[in-house]
Amino acid sequence: MFTEDLKLVGKALENFYKESVNGDEPVLKQQQMCHIMRELEFDKYLGKGGLNGPDLEQFLEKYLRLNTRLHHPRYLGHQCAAPHYSAALGTFINAFTNNVTSIYEMGPASVSMEYYLINWMLRKIGWTPAPLCSDEMNKYGHGGGVLVNGGSLANLTALILARSKCAPETWTEGSPSELCILLPSESHYSISRAVGILGMGSKAIYALEVDSEGAVIPDRLPETYGRIIEDGKRPMALVANACSTPAGIYDPIDEIADFCEQHHLWLHIDGAHGASALLSDKFRYRLDGVGRADSLVWDAHKLLQAPSLCAALLVKDHRNLDGGLFVGENASYLFHEKEQPGFDFINRMLETTKSGLGEKLFFVLAAIGEEGMASFIDRQYDLTLAAYDYIQQQPDFACPVRPQSNILCFEYLDKEASQIEIRKELIAKGDFYLTTTIFKGKRYLRLVFMSPETTILVVKDLIDSIRTLCEKTEI
Ligand SMILES: *Cc1c(COP(=O)(O)O)cnc(C)c1O
């Protein structure tokens, strides 16, 4: 039964994939949820079971048709990878074996994979990889990391570590009221939410000034710092973006690091989206200085063709991670002295049980090789620049900023046009999937080039479609 069903799943997915890359089907079509529940006969299957064999085949046919197609050339939507099938297979294998990486004995191969990938990423940053033998693991001076379920969780964990370093008394006394944090105004909402979760309140946030592109202005940092000291506050960290979410702009890390070193300030880089440029000879310079940071978040499920979720939290000094999360004494079934041939990740994360996330990244890297991955990133970044050049040449369209990653903001200049309405119409038809964003106080259409199938022709079609749409309707 197992291999027969597996074959059915394989066939259905291959078909889904082919339809998607050929652009035969709409990139998305949203139906009413109650309709989907009826069509997929959830009640029937929960009642009598039997979702295998021919039933499974039929079910998948319907189910996949209701899916949004991330491999589609016209997928220009959110920052989720169009996963490589090898990565999906890795995820499936881990799901079936259910080996977890919290403690070594529950997943020796999965833990080794995660540990290996963390070291691979540490090397890309320029940090010292961790030793492989357990008697050397607590030696000083090497980096560390962990894979967690998403960049948001990784950012929260990083800020907890920064606070543990700056105010270790928090774990017994609660968060000191004078603690504060420096954030670019363009930073991801998961950071300000993390500040809230940490019990610091939005009053603890000092916004960093940004330039016309949305990048932090290093020369303005001393002024902000002066205000913090005047207010009697104690800064626990500065966050920089690599790159920002709305427009994909990188902050000048090297200059920011000068400032942080001078004031002994924890520098956290939110590279959830853009840290993958570290693999590219051509675009890596955007992250110059990253090795001087204390922590970095790097999502593999965005630009590394891995399925959601696979986010790395990496630190330059592993002691800040290994000692940064409080562990109570009542989990004696997990935490006890033991001799073992591997490593437990459990001390490094907020989750207790955590599936093997290394499989999501390892299997694609191993299939296409590091060089294959680097050319994919180059391709997507170059395509975004080409799209920018094309759109800038159109008299009735404009981009607010030259792209630095695979994210591109633009607007249709017709006075009557609402960018929100344009997107609404386009996704209702299912011809294109794109998003909108506010950048520097203004609403723009936003493209994120995730699919390896997208070419410049898609951008030309999109521009034509927007013109036609606005001529025909009153948008
Ligand atoms: C996507 C993103 C996040 C959130 O990551 P998830 O993996 O979606 O939780 C955080 N920061 C930046 C800059 C991002 O682009």
Side-chain angles (χ1 to χ4, degrees), residues 68 70 76-83 87 91 121 145-160 162 181-197 205 207-208 210 213-216 237-253 256 267-278 283 286-287 290 293 295-314 349-351 354-355 357 360-361 377 380-381 384 401 403-409 435-439 446-450:
T68 299
L70 280 69
L76 304 157
H78 288 285
Q79 301 150 264
C80 297
T91 310
M121 289 172 142
V146 61
L147 298 179
V148 302
N149 281 288
S152 305
L153 189 57
N155 275 331
L156 171 63
T157 314
L159 295 193
I160 294 174
I181 184 164
L182 295 88
L183 300 185
S185 48
E186 298 289 308
S187 60
H188 191 261
Y189 76 90
S190 65
I191 302 269
S192 37
R193 178 181 279 174
V195 175
I197 295 170
I205 296 175
L208 301 179
V210 295
E213 299 198 322
V216 168
L238 185 153
V239 179
N241 291 313
C243 50
S244 62
T245 309
I249 299 300
Y250 288 84
D251 285 330
I253 298 174
I256 294 174
L267 173 56
H268 173 63
I269 309 291
D270 184 357
H273 185 84
S276 295
L278 286 170
F283 296 103
R286 294 281 183 201
L287 289 125
V290 66
S295 54
L296 169 79
V297 166
W298 180 354
D299 281 1
H301 57 274
K302 287 186 173 168
L303 272 161
L304 298 184
Q305 299 185 51
S308 308
L309 290 160
C310 178
L313 165 62
L314 303 147
M349 57 200 198
L350 301 182
E351 297 116 312
K354 187 198 70 187
S355 59
L357 300 181
K360 298 185 188 230
L361 175 58
I377 289 153
Q380 303 308 95
Y381 276 39
T384 312
V401 57
Q404 300 181 355
S405 63
N406 62 331
I407 301 175
L408 178 64
C409 296
T435 57
T436 76
T437 190
I438 293 186
F439 175 70
R446 174 174 177 268
L447 308 179
V448 187
F449 294 90
M450 300 305 299

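These numbers come from a predicted model, not from an experiment. Counting convention: from 1, in listed order, for ligands and their atoms alike.
Scanning the protein heavy atoms around atom 11 (N) of ligand 1, the nearest turns out to be Asp270 OD2, 2.7 Å. If you check which protein heavy atom lies closest to atom 6 (P) of ligand 1, you get Gly151 N, 3.3 Å. Of all protein heavy atoms, the one closest to atom 1 (C) of ligand 1 is Lys302 NZ, 1.3 Å.
Here is the list of ligand 1 atoms found below 4.0 Å of a heavy atom in Thr245: 12 (C), 13 (C), 14 (C), 15 (O). Every atom of ligand 1 with a heavy atom of Asp299 under 4.0 Å away is listed here by number and element: 5 (O), 6 (P), 7 (O). Close approach to Ala272 involves these atoms of ligand 1, each under 4.0 Å from a residue heavy atom: 2 (C), 3 (C), 10 (C), 11 (N), 12 (C), 14 (C). Shown in contact with Gly150 at under 4.0 Å from a heavy atom are these atoms of ligand 1, numbered in order with element: 7 (O), 9 (O). For ligand 1, the atoms closer than 4.0 angstrom to any heavy atom of Gln79 are 15 (O). Counting the atoms of ligand 1 from 1 in the order shown, those under 4.0 Å from a heavy atom of His188 are 2 (C), 3 (C), 4 (C), 10 (C), 11 (N), 12 (C), 14 (C).
In terms of modelled atom types and a separation under 3.5 Å, the side chain of Lys354 and the main chain of Leu147 share a donor-acceptor contact. Between the His301 side chain and the Cys310 main chain, a donor and an acceptor come within less than 3.5 Å of each other. In this structure a side-chain-to-backbone donor-acceptor pair under 3.5 Å is missing from Gln404 to Ile249. Panel note: side chain Thr435, backbone His78; no donor-acceptor pair is recorded below 3.5 Å. Between the side chain of Ser405 and the main chain of Gly248, a donor-acceptor pair closer than 3.5 Å is present. A donor-acceptor pair under 3.5 Å links the side-chain atoms of Tyr250 to the main chain of Gly274, judged by distance alone. A distance-only check finds a donor-acceptor pair linking the side chain of Asp251 to the backbone of Val216 [under 3.5 Å].
The distance criterion of under 3.5 Å between nitrogen or oxygen atoms is met by His301 with respect to ligand 1.
For the ligand labelled ligand 1, residue Asn155 lies inside the 4.0 Å heavy-atom shell. Not a single heavy atom of Ser187 lies less than 4.0 angstrom from ligand 1.
Residue contacts with ligand 1 for Cys243 involve N, CA, C or O but no side-chain atom from C-beta outward (heavy atoms, distance under 4.0 Å).
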For Arg446 and Ile407: C-alpha separation, side-chain torsions, deciding distance, then whether side chain to side chain contact (heavy atoms under 4.5 Å, CB included) applies. CA-CA 7 Å; Arg446 174 174 177 268; Ile407 301 175; 3.7 Å; yes
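The two atoms that bring Asn406 and Thr384 nearest to each other are CA-OG1, 3.1 Å, heavy atoms only.
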